[in-house]
Amino acid sequence: MKNSVRAYAPATVANATSGFDVLGFALQEPGDIVVCRHSDESGIKILPLTGEYKDLPTDPRLNTAGVAVQALLDSMHLSAGLELEIQKGVPIVGGMGSSASSAVAAVVAVNELLGLSKSPVELLPFVLESEKAATGVPHADNAAPSLLGGFTMVHSLDPIDIISLATPENLACALVHPDMHIKTKDAREILPPTVLMETATRQMGHIAGFVTGLYTEDMDLIARSMKDELAEPYRGRLIPGYQQVKEAAVESGALGAGISGSGPSMFALCPSSKVAEKVGESMQQVFQESGMDSELYLSPISQMGAHILD
Ligand code: HSE
């Protein structure tokens, strides 16, 4: 029996502009690492966080990794004593799927340590429990790509039906995280409860165009389809320089740009890694002009989701 297992789960970009709560994709980096060990004490113990970001509770009922692992153990009527060490590389409340990535890494590590043999999709419901605890809604557009890698589509949550989509080879992401926080719960509360039929119809065209563009590797179609008429018209107001960041990204060669998840990070999809470098710099420059420091992450779309490191 293994004494300890280390798992990595990548940061993710949810919504990907046209697919609110439906589309998402995985970055190669940053990501969270969770080390899981057996413990003589019963229950889940979370050690003080290590890594770049540490400001999260260690009470397992208040930490997404703890909530997800508890849900997994409960579902199998297990009462194993487990110790979790979270090395947090994904910024907290940054719009990069941070709550999902530590929960995903934790359930993947526990799955391996206890020999549960669950597939990534079978682990998803437990991560959704933690997403619900963190944001009030069990959205899967961060958890699914973090578990599976690549672009994913949430076709249905009840029953769970997740589709892995095609990922054009050279597509690269520039993601800029400005020095501010937006809680997903708050960013959801400002959205209207209903939309006009004509808005919904246009948005269906955008997501259908985007997914078709992924499969046909039609960069122009991807570019024409990167539009969000559901969330960004409301959430954009929360991010200083939002419109200018989008425009700067496209002027520098991005196919399109938008809010990553519920923000405040903004991302751009680019036809190559080289273009992504230039795009990222111009996005950062706009944030700087709005008086905000930012962190730039450049990454290909990772085909690999969460995995065991050892
Ligand atoms: N789809 C979710 C939202 C993602 O936009 O609220 C949150 O990371």
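First listed ligand is number 1; within each ligand, the first listed atom is number 1.
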Measure from the side-chain N and O atoms of Gln284 to the backbone N and O of Glu281, and report whether any donor-acceptor pair falls under 3.5 Å. no
Met304: side chain to side chain contact (heavy atoms under 4.5 Å, CB included) partners, not counting sequence neighbours: Ser302, His307
With hydrogens left out, which residues have an atom under 4.0 Å from ligand 1, given that only heavy atoms count? Ala14, Asn15, Phe20, Asp21, His139, Asp141, Asn142, Thr184, Arg188, Arg235, Gly261, Ser262
Please enumerate all residues that pass side chain to side chain donor-acceptor pair (under 3.5 Å) together with Ser130, with sequence neighbours excluded. none
Quick one: side chain to side chain contact (heavy atoms under 4.5 Å, CB included) partners of Leu62, sequence neighbours excluded? Pro57, Asp59
Measure the CD-CD distance between Gln203 and Glu229 for me, rounded to the nearest 0.5 Å. 6.0 Å
Side-chain donor/acceptor of Asp218 to backbone N/O of Gly213, under 3.5 Å: no
